[in-house]
Amino acid sequence: MVFSWRKRKPRNGDKKVHHMELEIPRHFICPIALDLMKDPVTLSSGITYDRESIDKWLEDGNFTCPVTTQVLTSFDQIPNHSLRKMIQDWCVQNRSHGIQRIPTPRIPVSSPEVSQVLFSISESKRRLDQCACLDSVRKIKKWGLESERNRRCIVANDAVGVIAAAFDAFAGDSFEKNARVLEEILCVMNWMFPFAQEAELYLGSQASLRCMVWFLKSKDTSVKQNSINVLKELLSCDQQHGQHLADIDGVNRILFKLIKDPISTSITKASLMVIFHMVSSSNEKIKAEFVEMGLVSLLLESIIESEKSYCERALGVIDKLCETKQGREIAYNNALAMPVLVKKILRISEVATEYSVSAIWKLSKYEEKVLMEALQVGAFQKLLLLIQVGCSDGTKEKATELLKLLNPYRPGLECIDSLDFKDIKRSF
């Protein structure tokens with residue numbers, strides 16, 4: 001096994017490059033990854049591997065030693081400190097060759113350690129002891145930042161259920177007084193998705209929902225991000241939480257503002273998903289409030305040149321809002337609506353196409369002139385091509401119905417170029 005490296009002479013203007021190959025001692029190489037070991041551990045078979053590689057091997061359901069093929073009598077991994085020290089010394093000796101010293105690995109957290117800290121969190125929650133709970137949550141956070149293996153171990157011990165229960169308890173006590181521990185809990189929960197049912201119940205309480213909405217008004221961007229991410233994940237578990245969220249005064253205005261005045265791309269996308277889950281319910285009042293705020297027009301303008309994931313989310317919201325009479329009316333009166341929706345068919349993704357066709361289909365029920373405008377921006381050709389290339393049964397049914405509705409209006413109506421429609425005006 002060799003390392004390729006290059007070294008430049010320090011003299012100004014000298015572009016000559018020297019190449020050398022540096023051989024790695026065979027016993028420094030992981031038998032699985034065939035690369036220099038960073039955290040060598042020895043199995044019960046006596047063979048040493050890099051911890052990350054053997055972890056993946058065992059997680060894939062293997063019960064044997066990769067080299068000897070013997071069935072492992074124990075899955076314990078014993079750190080090989082002597083070998084790791086030899087590897088570090090070798091790296092230092094060859095630093096001039098561009099080899100960097102591997103850092104001393106941290107000992108992975110164990111299930112008993114995690115259980116002990118989770119017990120402390122439960123006890124501090126019962127006493128509403130913010131300081132004690134904060135210390136324990138920060139310990140969980142520290143472990144999670146150290147390695148992906150630690151995160152898996154923490155999640156496997158049902159940490160999210162315990163932490164969600166603590167969040168509900170401290171939120172029910174006081175947002176302001178317990179802000180520090182509540183912020184840390186939200187931060188930690190961002191790498192514990194998806195939520196188990198127990199955690200979902202705690203986070204879906206009115207106290208928890210009101211607390212997360214309160215954090216959306218924070219000046220700290222990271223707090224906003226963590227809060228909107230948890231809300232997005234919660235609502236994706238059960239849209240019923242969206243109706244409970246909508247019962248909180250001012251939440252619709254806050255979400256609308258996060259889209260109208262973007263803080264970051266990730267916050268905007270997460271906010272759109274939260275709104276999508278909210279308007280996907282049968283509650284017409286939720287949809288009506290977003291329509292009255294001007295969300296339909298705002299999204300139509302924002303998706304003209306938007307990237308894929310944002311466009312999909314925005315089209316999904318527009319489609320849901322067009323289920324209401326007021327939503328269809330506002331979309332119809334917006335000169336961008338039909339050109340934008342037609343343009344997105346077969347241009348972004350299958351999901352975007354389905355939402356676009358669905359929205360056009362809903363608008364066609366509102367006003368006959370919608371069909372004439374759709375023809376002018378090339379809807380007939382797009383829908384015909386869509387059926388030919390294939391789509392879902394629901395989209396195919398809507399596209400077929402639209403083609404039948406459009407066909408009588410085809411004579412005498414020319415199709416205009418729909419690629420540039422920012423300044424388009426109605427011709428009728």
Side-chain angles (χ1 to χ4, degrees), residues 1-62 64-70 72 74-110 113-114 138-155 187-188 190-192 221-222 225 264-266 307 309:
M1 187 70 180
V2 296
F3 264 142
S4 293
W5 64 280
R6 60 178 59 188
K7 183 178 180 180
R8 293 185 181 274
K9 287 187 175 182
R11 294 194 301 269
N12 292 333
D14 189 351
K15 297 182 179 179
K16 187 176 180 181
V17 178
H18 296 269
H19 294 271
M20 288 186 62
E21 291 185 339
L22 182 65
E23 185 175 357
I24 304 176
R26 293 180 62 85
H27 56 292
F28 290 178
I29 299 172
C30 174
I32 298 176
L34 299 180
D35 201 356
L36 186 69
M37 289 188 279
K38 298 179 177 64
D39 186 7
V41 292
T42 304
L43 299 185
S44 58
S45 62
I47 306 298
T48 299
Y49 302 91
D50 190 58
R51 188 188 295 274
E52 183 178 350
S53 298
I54 196 61
D55 274 345
K56 189 177 186 308
W57 170 267
L58 296 174
E59 287 170 5
D60 287 344
N62 297 296
T64 60
C65 172
V67 172
T68 66
T69 69
Q70 296 176 354
L72 296 171
S74 170
F75 293 137
D76 291 342
Q77 301 172 20
I78 310 302
N80 194 327
H81 297 299
S82 298
L83 180 58
R84 188 254 306 158
K85 184 67 169 59
M86 291 169 62
I87 293 173
Q88 289 177 323
D89 291 341
W90 179 83
C91 291
V92 173
Q93 291 168 9
N94 293 279
R95 184 176 297 171
S96 60
H97 296 166
I99 306 299
Q100 294 183 348
R101 180 184 182 275
I102 62 170
T104 301
R106 298 180 181 274
I107 300 175
V109 67
S110 64
E113 289 177 304
V114 174
R138 283 176 174 169
K139 186 173 290 187
I140 293 286
K141 180 181 178 181
K142 177 177 174 291
W143 284 338
L145 291 174
E146 287 177 0
S147 70
E148 184 62 32
R149 185 182 188 278
N150 283 357
R151 292 189 179 191
R152 292 195 298 268
C153 180
I154 292 168
V155 172
C187 179
V188 167
N190 266 255
W191 46 264
M192 293 185 174
T221 302
S222 63
Q225 182 73 70
S264 71
T265 303
S266 55
E307 48 90 21
S309 58

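- Without hydrogens or angle criteria, Asn80 side chain to Leu83 main chain gives a donor-acceptor distance under 3.5 Å.
- Salt-bridge annotation for Arg151 and Glu146: absent, with no side-chain N of the basic residue lying under 4.0 Å from a carboxylate O of the acidic one.
- Remark: Arg106 CZ is loosely packed, at most 12 non-hydrogen atoms of other residues, nucleotides or ligands lying under 6.0 Å away.
- Side-chain N or O atoms of Asn62 include none that pairs as donor or acceptor with a backbone N or O of Leu58 at under 3.5 Å.
- Considering CD of Gln225 and OG1 of Thr221, their distance stands at 9.0 Å, rounded to 0.5 Å.
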Test log, rule side-chain contact (heavy atoms from CB on, under 4.5 Å), inputs Tyr49 and Cys65: CA-CA 10 Å; Tyr49 302 91; Cys65 172; 2.9 Å; yes
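- The distance from the OG atom of Ser110 to the CG atom of Asn150 is 9.5 Å, given to the nearest 0.5 Å.
- Under the 3.5 Å distance criterion, with hydrogens and angles disregarded, a donor-acceptor pair is assigned to the side chains of Asp76 and Ser74.
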Does the pair Asp55 and Gln77 meet the rule for a side-chain contact (heavy atoms from CB on, under 4.5 Å), with working shown? CA-CA 9 Å; Asp55 274 345; Gln77 301 172 20; 2.8 Å; yes
Working for side-chain contact (heavy atoms from CB on, under 4.5 Å), residues Ser45 and Val67: CA-CA 9 Å; Ser45 62; Val67 172; over 6 Å; no
Is there a side-chain hydrogen bond (donor to acceptor under 3.5 Å, both in side chains) between Thr104 and Gln88? Walk through the geometry before answering. CA-CA 8 Å; Thr104 301; Gln88 289 177 323; 3.1 Å; yes
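- Two residues are said to be in side-chain contact when any heavy atoms from C-beta on lie closer than 4.5 Å; Pro103 and Lys38 fail this criterion.
- Between the side chains of Thr42 and Thr48, at least one donor N or O sits under 3.5 Å from an acceptor N or O.
- Pairing each heavy atom of Ile102 with each of Met37, the nearest pair is CD1-O, 3.6 Å.
- A donor-acceptor distance shorter than 3.5 angstrom exists from the side chain of Glu307 to the backbone of Ser309, with no hydrogens or angles considered.
- Atom NE2 in His97 sits 6.0 Å away from atom CG in Leu22 (nearest 0.5 Å).
- Environment of CD in Glu52: sparse, with no more than 12 heavy atoms of neighbouring residues, nucleotides or ligands closer than 6.0 Å.
- Remark: side-chain polar atoms of Asp50 are paired, donor with acceptor, to backbone N or O of Asp39 under 3.5 angstrom.
- The number of heavy-atom neighbours closer than 6.0 Å to CD of Gln100, taken from other residues, nucleotides and ligands shown, is 12 or below.
- Side-chain atoms of Val114 and Trp143, non-hydrogen and from C-beta on, do get closer than 4.5 Å to each other.
- Scanning both residues, Ile87 and Leu36, for their nearest heavy atoms gives CG2-CD1, 3.9 Å.
- Rounded to the nearest 0.5 Å, atoms CZ (Arg51) and CD1 (Ile107) are 8.0 Å apart.
- Side-chain contact check for Arg84 versus Pro79: every heavy-atom pair is 4.5 Å or farther apart.
- We find the CH2-CZ distance between Trp191 and Arg152 to be 12.0 Å, quoted to the nearest 0.5 Å.
- A distance of 9.5 Å separates CG in Leu72 from CH2 in Trp57, rounded to the nearest 0.5 Å.
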Full working for side-chain contact (heavy atoms from CB on, under 4.5 Å) between Val41 and Ile54: CA-CA 9 Å; Val41 292; Ile54 196 61; 4.0 Å; yes
